[in-house]
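All remarks here apply to the structure that follows.
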Protein chains: 2
Amino acid sequence: MYSYTEENYLKAIYKLQEKNNDAINTNSIARVMSTTAASVTDMIKKLSDKKLLEYQKYKGVQLTESGKKTAIETVRKHRLWETFLHNKLNFLWDEVHDIAEQLEHIQSQTLIDKLDEYLGFPTHDPHGDPIPERNGIIKTSNYVLLSDMTLEKEGIISGVVNHSSLFLQHLQKIELTLGRLVKVIEINAFDLSLSIQLDKDQKIQISNEVARNILMKTK
Amino acid sequence: MYSYTEENYLKAIYKLQEKNNDAINTNSIARVMSTTAASVTDMIKKLSDKKLLEYQKYKGVQLTESGKKTAIETVRKHRLWETFLHNKLNFLWDEVHDIAEQLEHIQSQTLIDKLDEYLGFPTHDPHGDPIPERNGIIKTSNYVLLSDMTLEKEGIISGVVNHSSLFLQHLQKIELTLGRLVKVIEINAFDLSLSIQLDKDQKIQISNEVARNILMKTK
DNA sequence: AATAATTTTTAGTCTTGTCTAAAATTTTTT
DNA sequence: AAAAAATTTTAGACAAGACTAAAAATTATT
């Protein structure tokens, strides 16, 4: 269908579009794709010819419905493969991304359907990100940042903002993993660091930097 | 490491080398790769520069140890993925090849190690072909063609010669699947077709054409 | 051994995706 | 509103992998 590279561009533009409402400019695409603005302009023209995005010179781009659909399919594949790697092959959550970057480009609708079924139709990947459904619908939850939680509030760790290995490994080390019950027991005014209680027993200290990157589900 | 295309060439040359003792010529590579002799010459030069094969103009090629090692690694990946698709995702044995052709190029030694372990260190793929071990050793069995078996001889279906979908689907339909016990009860002199008994109860007729493509393990 | 047929290689071109350097456009600053 | 800065596009080039057509080498035939 579409090339490895085309899929990566569409996915990158889709993700930029998620946070930014207006048209996505050339430089920001170049930044996330680790390439030059000139290369981005070249690729944008090709994707525009294929009606995957709308492009006006110097005005940035916006995905068409077709482009968005393709991007979401790639995200779905990526997150299903991450789930497979973590749940079945016992990869740690900081190890799955790079391999899933390759696996997401395997072409076979049947494969993805069967993988989805084999995994038990998971709704979220190992980082807590929602897995788009087969029809393209993404069920998003209303998460709140751990750093925004008030005193005595309880919640369940449900996702991360920062996806870097460094951060994920840190969370792994201090055992702040997906699904754990957390209660804020102290907010330090000086540095905004938190004292939190984990699953009723353990009590630990975390920096605001860490808390700002953890997504919580609260009642 | 090596590109998708380079790996495919190495695998193709390795397979040709398996049946042919002497150097592999350009045209035979072009035939199995569905490309032109000119393209093969181009690629051969690149692989030769990388010391993956030995090449003398007009004299054909032979894989070096390094080239053979890479080819076997690709075969190992291919067969492990086929096993995964068949054993875990319930793909039929004629459906696994094309997807495994893509999956075999995913780069991650850890992934292959973990997949191998997850599958329980299988020795053969869904077509009965041996899966090379991590160290490159391939344990081959001494199979005999069903068409070469003598009257009253028993054996277990252990592999196929022809890997085409058409043939595999035919075997599936007449339930001649891997692992079944077969006894030759009649050999028809006219067309060399066979009457065989399956698992003690069922009795069926098969053509010599079919029998010539089935590999049996006998005591 | 010369000619014919086949095989293989070379030369030149194409596509995809990338790059640098320069030109064009837009945005910001004064 | 003009000049400066930043962004974006164009032009030209390159590498990988492929192709066609023509040349070179090998093998087969007479």
Side-chain angles (χ1 to χ4, degrees), chain A residues 1-14 16-17 20-63 67 70-71 74 101-102 104-107, chain B residues 1-14 16-17 19-63 67 70-71 74 101-102 104-105 107:
Chain A
M1 202 62 166
Y2 300 112
S3 78
Y4 188 106
T5 314
E6 286 170 335
E7 287 183 354
N8 282 339
Y9 268 95
L10 290 173
K11 200 178 58 157
I13 296 166
Y14 170 73
L16 287 168
Q17 219 167 250
N20 258 35
N21 299 346
D22 27 331
I24 307 305
N25 54 13
T26 306
N27 261 353
S28 56
I29 299 172
R31 210 167 310 121
V32 297
M33 294 292 294
S34 303
T35 185
T36 62
S39 304
V40 172
T41 302
D42 288 344
M43 178 54 78
I44 274 174
K45 284 183 192 160
K46 285 174 202 161
L47 296 174
S48 176
D49 289 348
K50 295 185 180 180
K51 311 262 184 252
L52 292 164
L53 46 79
E54 273 160 52
Y55 167 55
Q56 277 184 287
K57 273 191 198 175
Y58 296 99
K59 304 290 179 196
V61 301
Q62 263 187 309
L63 292 182
T70 305
T74 306
E101 280 292 295
Q102 300 179 61
E104 73 189 10
H105 301 292
I106 303 292
Q107 311 247 304
Chain B
M1 202 59 165
Y2 300 112
S3 78
Y4 187 105
T5 314
E6 286 170 333
E7 287 184 353
N8 281 340
Y9 268 94
L10 290 174
K11 200 177 58 157
I13 295 166
Y14 170 73
L16 288 168
Q17 220 169 249
K19 348 185 178 166
N20 258 35
N21 298 345
D22 27 331
I24 307 305
N25 54 15
T26 307
N27 261 352
S28 56
I29 299 172
R31 210 168 309 123
V32 299
M33 292 293 294
S34 304
T35 185
T36 62
S39 303
V40 173
T41 302
D42 288 346
M43 178 53 79
I44 274 174
K45 284 182 191 161
K46 284 174 203 162
L47 296 175
S48 176
D49 289 348
K50 294 184 181 182
K51 310 265 185 252
L52 291 164
L53 47 78
E54 273 161 50
Y55 166 56
Q56 277 185 287
K57 273 191 196 173
Y58 296 100
K59 303 291 180 194
V61 301
Q62 264 186 310
L63 293 182
T70 306
T74 306
E101 280 292 296
Q102 299 179 63
E104 73 188 10
H105 301 293
Q107 311 244 304

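Note that the structure is a prediction, hence the values are computed from the model and not measured.
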N/O (side chain, Asn27(B)) to phosphate O (OP1/OP2, dT8(C)) under 4.0 Å: yes

Side-chain N,O (Lys57(A)) to OP1/OP2 (dA24(C)) below 4.0 Å: no

Sub-4.5 Å side-chain heavy-atom contact between Val61(B) and Ile29(B): yes

Between P of dG17(D) and CD1 of Ile44(B), the distance in whole Å: 14 Å

Derivation and outcome, side-chain contact (heavy atoms from CB on, under 4.5 Å), residues Tyr2(B) and Thr74(B): CA-CA 11 Å; Tyr2(B) 300 112; Thr74(B) 306; over 6 Å; no

Non-hydrogen side-chain atoms of Tyr14(B) and Leu53(B) separated by less than 4.5 Å: no

Whole angstrom value for the distance that separates C1' of dT9(C) from NZ of Lys59(B): 14 Å

Spacing between Met43(A) atom CE and dT9(D) atom P, to the nearest angstrom: 15 Å

Distance, rounded to the nearest Å, where Tyr2(B) contributes OH and dA16(D) contributes C1': 16 Å

Phosphate OP1/OP2 of dG17(D) contacted by Thr35(B) side-chain N/O (<4.0 Å): no

Test side-chain contact (heavy atoms from CB on, under 4.5 Å) applied to Tyr9(A) and Val40(A), step by step: CA-CA 9 Å; Tyr9(A) 268 95; Val40(A) 172; 4.2 Å; yes

Side-chain N or O of Ser3(A) closer than 4.0 Å to phosphate OP1/OP2 of dT16(C): no

Tyr58(B) side-chain N/O to dT6(C) phosphate OP1/OP2 under 4.0 Å: no

Asn8(A) side, atom CG; Glu101(A) side, atom CD - distance, nearest 0.5 Å: 6.0 Å

Nearest-Å distance for atom pair CD/P, residues Glu6(A) and dT16(C): 9 Å

dT7(C) phosphate, OP1 or OP2, under 4.0 Å from Asn25(B) side-chain N/O: no

N/O (side chain, Thr26(A)) to phosphate O (OP1/OP2, dT9(D)) under 4.0 Å: yes

Candidate nucleotides dC19(D), dA21(C), dT8(C), ranked by approach to the side chain of Asp42(B) - the nearest: dC19(D)

Given dT10(C), dT18(C), dA18(D), the nucleotide with the shortest approach to the side chain of Ser39(B): dA18(D)

Spacing of Tyr4(A) atom OH relative to dT18(C) atom P, expressed in whole Å: 11 Å

Residue-phosphate contact under 4.0 Å: Thr41(A) side-chain N/O, dT9(D) OP1/OP2: yes

Any Lys45(B) side-chain N or O less than 4.0 Å from OP1/OP2 of dT10(C): yes

dC19(D) OP1/OP2 closer than 4.0 Å to side-chain N/O of Thr36(B): yes

Glu7(A) side chain to His105(A) backbone, donor-acceptor under 3.5 Å: no

Met33(B) CE - dC19(D) C1' separation (whole Å): 15 Å

Under 4.0 angstrom between Tyr9(A) side-chain N/O and dT18(C) OP1 or OP2: yes

N/O (side chain, Tyr55(B)) to phosphate O (OP1/OP2, dT9(C)) under 4.0 Å: yes

Euclidean distance, atom CD1 of residue Ile29(A) to atom C1' of dT18(C) [Å, nearest integer]: 16 Å

